Structures are given as structure tokens and as C-alpha cells.
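Letters go in sequence order (proteins before strands), and every chain restarts at 1. As the structure is a computational prediction, the values presented were derived from the model and not from experiment.
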Protein chains: 2
Amino acid sequence: MNVSPSADFNECGSASAKALAAKLAALSHPARIEILKHLSGNRACCCKDVVQQLDLAQSTVSQHLKVLVEAGLVRFSAERQRSLYEIDREALAGISASVAGLVDTCCSSRPT
Amino acid sequence: MNVSPSADFNECGSASAKALAAKLAALSHPARIEILKHLSGNRACCCKDVVQQLDLAQSTVSQHLKVLVEAGLVRFSAERQRSLYEIDREALAGISASVAGLVDTCCSSRPT
DNA sequence: AACGTTCATCGTATATCGACGATAGACGAT
DNA sequence: ATCGTCTATCGTCGATATACGATGAACGTT
């Protein structure tokens, strides 16, 4: 799955770029950023919790949570009636590292 | 324009979230990530340069470049016929720092 | 002057996003 | 069994994103 770092330069393109873009897309919405912040302050939140914080319809929040889960940034587990959402700090850290890597690539490969 | 870093914690919410989301949105497209990588390898590129790398129509590339410029990730300067696009490494680094800050916030505020 | 090059913009078509209300399923409480 | 709560999903709607070709402006070259 992980190719060597140098291969990333050969195929700079679609593979890694697509993957990173997909994760950043999940992050690129204010409501989802706020959801992550809220989740980070609690061990696990149910959907209603988040709804009360955000002033958005329950269905909308549910969709945002789904996006975050599908992007791998939030873990999901079904309680009885509730659904528990828990932030995935490792995945978050992974994105941070990926962005830092991209920036590093862009800054280190200065032409002259 | 730049509030103090601690103010970011007070008003974690919409303002900074929106700003970060907007910049991440500019980054969340594979073509734009590849454009940034390409720009990083050259002092400045004209639109046609990028077109030849990307296998996209010239108008499409022009639009992607416009998105990057409007997000502040790329600087624009008009040559004679050409348009020169240059990566803004500081802005890139700023985004990286913002993402790292968000992740830090999410990881440091563990409930227990 | 006529032509080629480079680029931004316009118009268009399609797809996806973001938000909502309505609804149905699952579950606990009465 | 009935009611209330919590949630996911469906359908819908408007807005936005993405891609393209066509076009015209600006400029250099012949």
C-alpha cells in the first residue's frame, strides 16, 4: 500500500493527490470542523448532542457526521438508541502530517 | 487581520472555522494539489506549462489557478502575453500550521 | 496588416453539495 | 400496546463545483 517516498515524486499525481484531496474535502466545511472540535472535548457524543451545539437540523448533522465517518476522521459505534461518535485522533494527526508533507515537498523543491 | 493565537480558542467557532474551511476547500481537489506540486518545482509557471502537465483543458486549468490565487495559495503576475503563477510558500505553511493547530486542539482537549 | 500564441472569460452541461422536512426503524418508558 | 426519543435515510430544492468548447483581448512575429 505504501510506496516508497521517492515514488511519490514519480507519480506525484492522481493516487496520493486524490487520497489527500478526499480527506481535505471532509475537513473543508465549517460545520464539520466545529463538529470535530466538539467531539474532541468529549469522550463520545451522540448525534443529538452535536445538533444542540450547531443550530442545524438533525438530518443535516447526521449527514455531516456520515461524511466524517466515511473519511475516517470519526469512529462510529451504535449504542442502544443512540449512536456514539468518537474522534479519531490518529487519523487527524495523519492528515496533519500529510498536509505538512505536501508543504514540505513544495518548499524543499525550490528551483534555485 | 491577524488575531492573537489565543483568541482562536475563545472563538473557535465560525470565524476561524470558515476561514480554514475555505483554504482547505482550495486544497481539496487533486488537480489543484498537482498544480501546487508542479509550481513548487519551478520559479514561476505560465498557464500553458501547467496545461501540458495535467491533461486538462486550458480553460479548466485557468479556473483551477484562479481558485488557488483567490485562496491566497498562489501569487499571480501578468507578464506580456503570459501569466506567471508562483506558489506562495508562506501561505502553504500557514495552512499547514492551521491544520496542525486544529489537530492539536482536538488532541490536547481530551476529556479524561 | 495578418497571423500565431497565450490567456481569461462566457456560456453551457452535468454532477455534487448542503440544507431541510418528512418518514420509518429501533429502543426505552409508561 | 402505546407513546416519546433518537437516529438514518429519502426526496427535494437551490447553490456550487467541475469540465469543456468557443470567443475575444493582448501581445509578439512575420
Hey, does the side chain of [X] come within less than 4.0 Å of [N]'s phosphate (OP1/OP2), counting only N and O?
X	N	answer
A/Tyr85	D/dC6	no
B/His29	D/dT16	no
A/Ser62	D/dT7	no
A/His64	C/dC17	no
A/Lys66	D/dT9	yes
B/Ser59	C/dT9	no

Inset, instruction - For A/Arg32 and for B/Gln63, find the nucleotide of DNA chain C with the closest heavy atom, then tell me which residue's nucleotide is more 5'. - result: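 Taking each residue's closest nucleotide, the earlier one in sequence belongs to B/Gln63.
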Legend entry - Closest-nucleotide ordering on DNA chain C, the 5'-leading residue of A/Ala57 and A/Gln81: A/Ala57
If I take atom [atom1] in residue [X] and atom [atom2] in nucleotide [N], what distance separates them, rounded to the nearest angstrom?
X	N	atom1	atom2	result
B/Arg82	D/dG28	CZ	C1'	11 Å
A/Arg80	C/dC27	CZ	C1'	9 Å
B/Leu27	D/dA17	CG	C1'	16 Å
A/Gln58	C/dG21	CD	P	11 Å

Inset, instruction - Would you indicate whether the side-chain heavy atoms of B/Leu68 and B/Ile87 approach each other to under 4.5 Å? - result: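 Result no, sub-4.5 Å side-chain heavy-atom pair not found.
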Inset, instruction - Please confirm whether the backbone N or O of B/Ser59 pairs with a side-chain atom of B/Ser62, one donor and one acceptor, at under 3.5 Å? - result: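 Here the side-chain-to-backbone pair does not exist.
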